[in-house]
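One structure is given here, and the rest of the page talks about it.
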Amino acid sequence: MFLPCPLSLSPMSKKVRVRFAPSPTGGLHLGGVRTVLYNYLFARQNGGDFVLRIEDTDQSRFVPGAEEYIFTCLDWCGLHPDEDPHKGGPYGPYRQSERKSLYRQYAEQLVKSGHAYYAFDRPEELDSMRERFKTPNNPSPQYDHNVRMEMRNSCSLTLEEAETLLEDGVPHVIRIRMPENETVTFTDMIRGEVSFHTGLVDDKVLLKADGMPTYHLAVVVDDYLMKITHAFRGEEWLPSAPVHLLLWKYLGWGSSMPQWAHLPLILKPDGNGKLSKRDGDRLGFPVFAMNWTDPRSQELTKGFREIGFLPEAFVNLLAMLGWNDGTDQEIFTLEELISRFSMDRVHKGGAKFDFEKAKWFNHEWIKRSEIARLKPDVKKVLENKGVPVNNEAVLEKVIGLVKERCTLLTDFYEQSKFFFEAPAELDVDSVKPKWTNEKKVLFESFVAALKSPNGHASFEKWAAPELETGFKKLATDEGIKPGEVMMPLRVMLVGGKYGPGVFEIMETIGKEETVRRIEFAIHQFIK
RNA sequence: GCCGCGUUCGUCUAAGGGCUAGGACACCACCCUUUCACGGUGGUGAUACGGGUUCGAAUCCCGUACGCGGUACCA
């Protein structure tokens, strides 16, 4: 453990710790889950910890139920945190609203060291500043070194003035004082070296008037306090990275700053831009991991879980959106992903989300999954649709028979309901035109033979191959080509032109039910 | 506007100086199947553009275009 490490200055004993830090304001987006996944894979692969931290610093955006929803999503995906607000951990609390008292001291430390200042500007004053400095060439003026001295803050005011305002309890924020002319550079795990000119970045608010930190202060403080070693987040954070880098430095924690990785965005399938919930609604596919009902509007947004995705497939397809292991393999278990994942094979460019491919992943997973794995989910699908499932052995047999034709778990309803209840309606139109009295006679003798197999050796044993032999022989004996009556038989049993082999179906539903359905159907086909 | 990040078949991507630019989804055709699927075989289809560097560039450099992200007391 204490071997010299000549190639690296960072101690090898430093345990990998990563975090996912969502703000609980609604459903969990695809991209969010992928960020969780990459964090999780990286942590597991390195024997590290995966922390879930709730970033609820904006109280005006509080949405009841959103936090619980996140827990459930991660749970469904099988991406379990090692530390979170529920189970706690050595670095709690894990909800930023409960850490409120922590942040102020760091903000003030920055004020003392000259890297931040108090600002007393009221919202109207900020608006008017933006109005005043707005030009065609600068449509959105920033609060930066250019205007700093024209605003009401502890840089422009005298010490006495500022102190008076503070003592009088005038509402104020603390802003970082961005240097006017420096270059901040860091190495992103995905993008390599990235640099920024500090003079172009605004004086971000660190501590809000209500005493809550903004994201900028909170990430840095919490990542430090929680000993985070690698920080992965969406690409949309890249522009504010220089603020975070400087904060780590100014707070005196530079040597323990995590390594950053800014993940590429997940884009909408048509056109460009970040994939949003709206796109899903518009194009007819889910964007959230699970159903989400907005508590205010009661609007329901569909999720991958409810639409019939297996979590294994969901995780698999998310992993492949921006990463691959360099081989042609596309289907990975979580375990495989943990061993193969590597941050340096993560793409730089955003990926358009393709729902067709997503469904393909699910189909593959359904086909490859054991019947026992599928059983509880399929049972739930059928029960939700009111299909009576009273025989576990039959259910298992049915799953084996139909799983390769189910892309979504919900497809099991259409594909297997006729095993459990007689079809309510028959697709008579596909039989009627070619229906003849001879065929009717054939089915009548088929039923008779099934009822009393004497003389029909094939029907004594109730099994698909024998049933097929017997039925075809019977047809041939009656002078009818077997092919002519296969479709009618199928429609009688299934109700439509689909499903597994007809004789497999007969074998599964049993003699009584087979006879009942044929007898019922014969009358339906009469012209 | 400014700053940053990107750019290989329609989509996800492989190929990190030397290939007929490979795979997958989707699509098309055929085969299998007396249904629907599964499966099999084959096909259409891409290095944004312009300059360099090099014997040789999708790959390295520069520029252009385009796209995206950011530019809040939101994350």
Side-chain angles (χ1 to χ4, degrees), chain A residues 21-25 55-58 60-61 119 121-123 126 130 134-144 171-175 188 190-191 194-197 199-202 204-216 218-219 233-242 262 264-265 267 269-274 317 320-331 345 347-361 363 367 402-407 411 414-415 427 430 472 481-487 489-491 494 496-502:
Chain A
S23 74
T25 51
E55 306 233 348
D56 55 351
T57 54
D58 187 354
S60 68
R61 295 216 298 171
D121 317 275
R122 308 193 49 80
L126 292 175
R130 294 197 176 98
K134 195 166 162 181
T135 65
N137 269 352
N138 183 12
S140 43
Q142 307 189 118
Y143 197 123
D144 59 15
H172 61 277
V173 302
I174 293 180
R175 287 178 181 271
D188 185 277
I190 295 172
R191 288 149 217 285
V194 183
S195 50
F196 302 85
H197 297 287
L200 270 6
V201 182
D202 63 333
K204 293 260 184 268
V205 170
L206 266 19
L207 198 74
K208 301 188 256 190
D210 65 1
M212 276 288 197
T214 59
Y215 172 82
H216 304 104
V219 245
R233 60 191 351 178
E235 189 185 352
E236 68 268 29
W237 289 109
L238 204 43
S240 51
H262 290 88
L265 265 19
L267 280 10
D270 57 340
N272 293 297
K274 255 204 297 194
L317 75 92
M320 301 309 288
L321 224 47
W323 173 86
N324 71 82
D325 77 340
T327 73
D328 286 343
Q329 184 174 346
E330 293 193 273
I331 303 299
R345 287 200 67 90
H347 251 256
K348 293 182 179 73
K352 290 187 182 179
F353 180 67
D354 181 357
F355 189 53
E356 291 307 315
K357 183 84 184 228
K359 284 194 292 192
W360 175 80
F361 275 105
H363 194 187
K367 282 189 293 185
V402 306
K403 66 175 182 166
E404 69 256 22
R405 56 200 84 204
C406 295
T407 296
D411 292 339
E414 277 298 325
Q415 291 298 331
D427 179 6
S430 57
K472 288 184 173 172
K481 277 189 278 188
E484 305 255 319
V485 281
M486 292 296 284
M487 186 54 81
L489 179 56
R490 166 173 298 282
V491 172
V494 175
K497 297 191 288 184
Y498 61 95
V502 264

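Here the structure is a predicted model, which means the values were calculated and not measured. Order of the sequence lines sets the chain letters (A, B, ...), proteins ahead of strands, with each chain counted from 1.
Between Glu330(A) atom CD and G22(B) atom P the separation is 16 Å, expressed in whole Å. The distance from atom NZ of Lys352(A) to atom P of G6(B) is 18 Å, rounded to the nearest whole Å. Distance Lys348(A) NZ to A14(B) P: 10 Å, rounded to the nearest Å. Following rounding to the nearest Å, Leu321(A) (CG) and U11(B) (P) show an atom-to-atom distance of 14 Å. Taking atom CZ on Arg345(A) and atom C1' on U13(B), their separation rounds to 10 Å, with Å as the unit. Rounded to whole Å, the distance from NZ on Lys359(A) to P on C38(B) is 12 Å. Atom CG of Asp325(A) is separated from atom C1' of C12(B) by 14 Å (rounded to the nearest Å). Distance, Arg191(A) CZ to U7(B) C1': 13 Å, rounded to whole Å.
A distance of about 41 Å separates the P atoms of C19(B) and C2(B), rounded to the whole Å. Taking atom C1' on both nucleotides, C32(B) is separated from C66(B) by 47 Å, rounded to a whole Å. Of the C1' atoms belonging to C25(B) and G6(B), the separation is 23 Å, rounded to the nearest Å. Across C60(B) and G16(B), the matching C1' atoms stand 11 Å from one another, rounded to whole Å. U47(B) sits 25 Å from G42(B) when the C1' atoms are compared, rounded to a whole Å. Across G23(B) and A75(B), the matching P atoms stand 48 Å from one another, rounded to whole Å. Spacing of C1' atoms, G50(B) relative to U7(B), comes out at 16 Å, to the nearest Å. Using C1' as the reference atom, G22(B) and G45(B) are 14 Å apart when rounded to the nearest Å.
Applying the side chain to side chain donor-acceptor pair (under 3.5 Å) criterion to Asn138(A), with sequence neighbours excluded, gives no partner residue. Residues passing the side-chain contact (heavy atoms from CB on, under 4.5 Å) test with Pro239(A): none are found, sequence neighbours excluded. Residues meeting the side chain to side chain donor-acceptor pair (under 3.5 Å) test with Asn324(A), sequence neighbours left out: Arg345(A). Residues satisfying the ring-ring contact (aromatic ring centres under 6.0 Å, His included) test with Phe353(A), not counting sequence neighbours, are Phe285(A). In terms of the side-chain contact (heavy atoms from CB on, under 4.5 Å) criterion, residue partners of Val219(A) (sequence neighbours excluded) are, by chain and number, Arg19(A), Arg53(A), Glu55(A), Tyr215(A), Asp223(A), His244(A). Residues passing the side chain to side chain donor-acceptor pair (under 3.5 Å) test with Thr135(A), sequence neighbours excluded: none. Partners of Lys367(A) under the side chain to side chain donor-acceptor pair (under 3.5 Å) rule, at least two apart in sequence or in another chain, are Glu364(A). Applying the side-chain contact (heavy atoms from CB on, under 4.5 Å) rule to Asp210(A) yields the partners Gln59(A), Lys208(A), Met212(A); only residues at least two apart in sequence or on another chain are considered. Scanning for side-chain contact (heavy atoms from CB on, under 4.5 Å) contacts around Pro242(A) gives Val184(A), Phe196(A), Val201(A), with sequence neighbours left out.
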Check nucleotides 39-44 of chain B for protein N or O atoms closer than 3.5 Å to its own N or O atoms and list the pairs.
| unit_1 | atom_1 | unit_2 | atom_2 | d |
| --- | --- | --- | --- | --- |
| G39(B) | OP1 | Lys367(A) | NZ | 2.8 |

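Across all strands shown, C19(B) remains unpaired; no Watson-Crick or G-U wobble contact has both distances below 3.5 Å. Pairing for G42(B) goes to C28(B), judged as Watson-Crick or G-U wobble with the two contacts each under 3.5 Å. The nucleotide C68(B) finds its pairing partner in G4(B), both defining distances of the Watson-Crick or G-U wobble pair being shorter than 3.5 Å. Using Watson-Crick or G-U wobble geometry with both donor-acceptor distances under 3.5 Å, C73(B) finds no partner in any strand shown. The pairing partner recorded for U47(B) is none, the criterion being a Watson-Crick or G-U wobble arrangement whose two distances lie under 3.5 angstrom. Base pairing of U34(B): no nucleotide in any strand meets the Watson-Crick or G-U wobble criterion (both distances under 3.5 Å). Across all strands shown, U54(B) remains unpaired; no Watson-Crick or G-U wobble contact has both distances below 3.5 Å.
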*Spell out protein contact along nucleotides 66-75 of chain B as letters: B when the base is contacted, S when just the sugar-phosphate is, - when no protein heavy atom is under 4.0 Å; keep the 5' to 3' order.*
-SSBSBSBBB
*Summarise how protein sits on nucleotides 26-37 of chain B as a single string, 5' to 3': B when a protein heavy atom is under 4.0 Å from the base, S for sugar-phosphate-only contact, - for no contact.*
--------BBBB
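An OP1 or OP2 oxygen of G6(B) is reached within less than 4.0 angstrom by no side-chain nitrogen or oxygen of His262(A). Put simply, Asn138(A) has no side-chain N or O that comes within less than 4.0 Å of OP1 or OP2 on G1(B).
Among the protein residues, Val194(A) comes within range of the sugar-phosphate backbone only, with heavy atoms under 4.0 Å from sugar or phosphate atoms but none that close to a base. Using a 4.0 Å heavy-atom distance criterion, Thr25(A) is classed as making no nucleic acid contact.
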*So Met320(A) and Phe361(A), side chain to side chain contact (heavy atoms under 4.5 Å, CB included) or not? Walk me through it.*
CA-CA 10 Å; Met320(A) 301 309 288; Phe361(A) 275 105; 3.8 Å; yes
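Mapped onto RNA chain B by nearest heavy atom, Trp323(A) and Pro136(A) fall at different nucleotides, with Pro136(A) at the one closer to the 5' end.
Because its glycosidic torsion is within 90° of 0, C38(B) is reported here as syn.
Side-chain atoms of Thr327(A) come within 3.5 Å of backbone atoms of Gln329(A) as a donor-acceptor pair (strictly under, hydrogens ignored).
For the side-chain contact (heavy atoms from CB on, under 4.5 Å) with Pro213(A), the qualifying choice from Thr57(A), Leu206(A), Val205(A), Ile174(A) is Thr57(A), the only one to do so. With His262(A) as the fixed residue, the side chain to side chain donor-acceptor pair (under 3.5 Å) test singles out one of Arg233(A), Lys348(A), Glu236(A), Arg191(A): Arg233(A).
Tyr143(A) carries Arg175(A) over the face of its six-membered ring, with the cationic atom under 6.0 Å from the centre and within 45° of the normal.
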